Amino acid sequence: MALASILLYNITKNQTYYQNAVNFHTEFYQKTDVSTTVSNIFATLHLSENGYESTLPFYGDIEWFWDNANHDPLYYPYDEYFWSSVPAMVSVAVETWAYEKISEDSQYNALIDYIHNYIFGINQWGISFVSGYGNIYPKNLHHQILYLRNITIP
């Protein structure tokens, strides 16, 4: 809701949309225990481009990811390995990028490199998680439509 509101503000310059964006953004971070979502990352970025000053949602997350990555031999940013961690790691990279863009603090840029390397093959299996990229990558993806139609993603 915050992202939709700030994008509507960008288009119309209607202050009501800006205030709604701030309210939705603030409420999300007061009521959730969910890590920052991509939509809220971009809402924060667009809000900052319109004068809203806060990197608060990012800083605590990034510090936690940074600490975990620097205590893992493969620089994995979470405290445990879990199914579907790659999309979550991409969110961490986007959040780190947005934090640097808003704050001009580049001390965590290596975290983006760690995630990039992990996704593209510097991991415990030595495989790229991007289908068709690298020498070893997933070929039998978990996707119902692809499975039923016996096709692969190019």
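The model shown is predicted, which means the values in this text are computed figures rather than measured ones.
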Counting heavy atoms not belonging to [X], are there more than 12 under 6.0 Å from its [atom1]?
| X | atom1 | answer |
| --- | --- | --- |
| Tyr81 | OH | yes |
| Leu148 | CG | yes |
| Gln124 | CD | yes |

Suppose we call two aromatic rings close when their centres sit under 6.0 Å apart. Are [X] and [Y] close by that rule?
| X | Y | answer |
| --- | --- | --- |
| His46 | Tyr52 | no |
| Tyr75 | Tyr114 | yes |
| Phe120 | Tyr133 | yes |

Side-chain donor-acceptor pair under 3.5 Å between [X] and [Y], yes or no?
| X | Y | result |
| --- | --- | --- |
| Asn23 | Thr26 | no |
| Asn10 | Tyr18 | no |
| Asp105 | Tyr99 | yes |

Answer yes or no: is there a side-chain heavy-atom contact under 4.5 Å between [X] and [Y]?
| X | Y | value |
| --- | --- | --- |
| Phe65 | Leu111 | yes |
| Gln144 | Arg149 | no |
| Leu45 | Ile102 | yes |
| Ser48 | Glu53 | no |
| Gln19 | Asn14 | no |

Straight-line distance of [X] [atom1] to [Y] [atom2], nearest 0.5 Å:
| X | Y | atom1 | atom2 | value |
| --- | --- | --- | --- | --- |
| Lys101 | Thr96 | NZ | OG1 | 15.0 Å |
| Phe42 | Leu47 | CZ | CG | 13.5 Å |
| Ser91 | Asp61 | OG | CG | 10.5 Å |

Query - Sole residue of Ile119, Ile115, Asn123 in side-chain contact (heavy atoms from CB on, under 4.5 Å) with Val86 - result: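 That would be Ile119.
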Hydrophobic cluster identity match, [X] and [Y], side-chain contacts under 4.5 Å:
| X | Y | value |
| --- | --- | --- |
| Val130 | Ile136 | yes |
| Phe82 | Trp64 | yes |
| Tyr17 | Met1 | no |
| Val22 | Leu7 | yes |
| Ile127 | Ile122 | no |

Query raised in the report: Parallel, tilted or perpendicular: which fits the ring planes of Tyr76 and Tyr118, with parallel below 30° and perpendicular above 60°?
Result: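 Judged by the thresholds at 30° and 60°, the geometry between Tyr76 and Tyr118 is tilted.
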Show the nearest heavy-atom pair for residues [X] and [Y], with the distance to one decimal.
| X | Y | value |
| --- | --- | --- |
| Ser128 | Pro138 | O-CD, 2.8 Å |
| Ser5 | Asn20 | OG-CB, 3.8 Å |
| Glu100 | Ser106 | CG-CA, 3.6 Å |
| Gln107 | Trp66 | O-CH2, 4.0 Å |
| Glu95 | Ile62 | O-CD1, 3.8 Å |
| Ala98 | Ile41 | CB-CG2, 3.6 Å |

